[in-house]
Protein chains: 2
Amino acid sequence: MRKTILIYGASMAGLIGMMKYIEYRYLIRDFSIEFYVGVVAIFFTMIGIWAGFRLTRKKVVIVGAPFALDEDKLQQLGISRREYEVLELIAVGHSNQEIADKLFVSVNTVKTHLANLFLKLDVSRRTQAIQKAKSFRLIP
Amino acid sequence: MRKTILIYGASMAGLIGMMKYIEYRYLIRDFSIEFYVGVVAIFFTMIGIWAGFRLTRKKVVIVGAPFALDEDKLQQLGISRREYEVLELIAVGHSNQEIADKLFVSVNTVKTHLANLFLKLDVSRRTQAIQKAKSFRLIP
DNA sequence: GGCTAATTCATACTTTCGGGTGAAGATTTC
DNA sequence: GAAATCTTCACCCGAAAGTATGAATTAGCC
């Protein structure tokens with residue numbers, strides 16, 4: 001951002017300097033105001049467009065690769081830590097038993113977590129839960 | 001796009017007209033060239049930025065979407081059409097029964113396809129199959 | 001025509017999931 | 001300290017999913 005401002009300022013100074021230079025160097029004093037306005041308008045419109053690209057480029061990147069957990073959505077749905085852990089594990093394809101082993105709890109516990117999760121996500125199968133969780137950006 | 005150009009042209013005309021108006025209306029003829037350049041520069045930079053946003057917005061949408069099926073991988077794994085259809089449907093969270101209804105076959109058939117699919121993908125659960133299929137770029 | 005692969009289906013059996021209910025301890029919140 | 005929430009676990013039952021085996025049909029290929 002600082003770089004952008006610097007380049008912008010330098011361009012502005014450069015343009016004005018250039019015009020002054022032409023004006024005095026060749027003693028051409030009768031550039032019409034419209035000419036100035038035109039040149040400046042076109043030039044700074046281009047700079048503006050370039051700046052616009054600059055400002056939006058970040059958004060483009062975000063959509064592509066990285067994943068940001070939507071914690072608001074988590075709270076909004078009332079999903080607890082433990083439930084979220086289970087969600088992450090079913091998303092990777094683990095069975096209830098495997099999840100129980102990983103979390104050092106019984107299968108029954110995993111089942112309860114899942115049942116609550118299904119309620120909160122409003123689904124009835126783990127595959128649907130994964131699907132929905134992804135659309136909510138709860139998991140990558 | 002046409003709308004953008006129209007708005008752009010109208011803005012330009014409006015600005016010049018406004019300046020001329022002020023100039024003649026109040027007989028203020030000594031606006032410095034720097035003043036004009038400044039106003040025009042700022043104004044058109046803003047327009048340019050706005051245009052830049054306009055131009056990039058579409059790209060943002062495009063980046064999110066694309067998915068290219070890796071057909072080579074499909075053949076490499078020896079996955080048939082029907083098996084692939086079933087794969088697509090389990091990925092969306094459908095049950096075997098639902099898939100059977102959608103494809104107008106019996107649940108047993110779906111099970112057979114799935115069993116073969118699991119062999120070819122080297123997994124034992126549908127969630128794992130989805131996971132692996134995504135990593136192979138077989139499904140979005 | 002014969003071969004192979006794909007698609008279809010069935011039957012039977014095991015395992016996993018999901019739903020429902022209840023309940024106890026821990027932690028947080030008011 | 002009482003209420004609410006979270007975490008934990010148990011038991012039961014039925015439905016869904018997965019495994020194994022066998023078999024009929026269709027379609028494509030040489």
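In the text below, chain A, chain B and the rest are named by the order of the sequence lines, each starting its count at 1. Atoms considered below: every heavy atom in the structure, side chains included; atoms not considered: hydrogens, waters and symmetry mates.
Between the CG atom of D122(B) and the CG atom of L117(B) there is a distance of 12.0 Å, given to the nearest 0.5 Å. For the atom pair CG (L77(A)) and NZ (K120(A)), the distance works out to 9.0 Å, reported to the nearest 0.5 Å.
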Let me check something: any side-chain donor-acceptor pairs from residues 86-99 of chain B under 3.5 Å, sequence neighbours excluded? List them with distances.
from   : atom 1 : to      : atom 2 : distance (Å)
H94(B) : ND1    : E98(B)  : OE1    : 3.1
S95(B) : OG     : E98(B)  : N      : 3.2
N96(B) : OD1    : R126(B) : NH2    : 2.2
Q97(B) : NE2    : D101(B) : OD1    : 3.2
E98(B) : OE1    : R125(A) : NH2    : 3.0
E98(B) : OE1    : S95(B)  : N      : 3.0
E98(B) : OE2    : R125(A) : NH2    : 3.2

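Rounded to whole Å, atom C1' of dT7(D) lies 19 Å from atom OH of Y84(A). The CD-P distance, from E98(A) to dT15(C), rounds to 15 Å in whole Å. Remark: P of dA6(C) and CG of L119(B) are 13 Å apart, rounded to the nearest angstrom. Per the geometry, CG belonging to L74(B) stands 13 Å off P belonging to dA6(C), to the nearest Å. Between the P atom of dA27(D) and the CZ atom of R81(B) lies a distance of 14 Å, rounded to the nearest Å. As a whole-Å value, the separation of D101(B) CG from dT8(C) C1' is 16 Å.
Heavy atoms from other residues, nucleotides or ligands lying under 6.0 Å from CD of E71(B) number 12 at most.
Counting only N and O atoms by type, the side chains of T109(B) and T112(B) include no donor and acceptor under 3.5 Å apart.
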What is the per-nucleotide protein-contact pattern of nucleotides 8-25 of chain D, from the 5' end, where B denotes a base atom under 4.0 Å from a protein heavy atom, S denotes such proximity for sugar-phosphate atoms only, and - denotes neither?
BBBB-----BBS------
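T127(A) is listed as a side-chain neighbour of I130(B), based on a closest heavy-atom distance under 4.5 Å.
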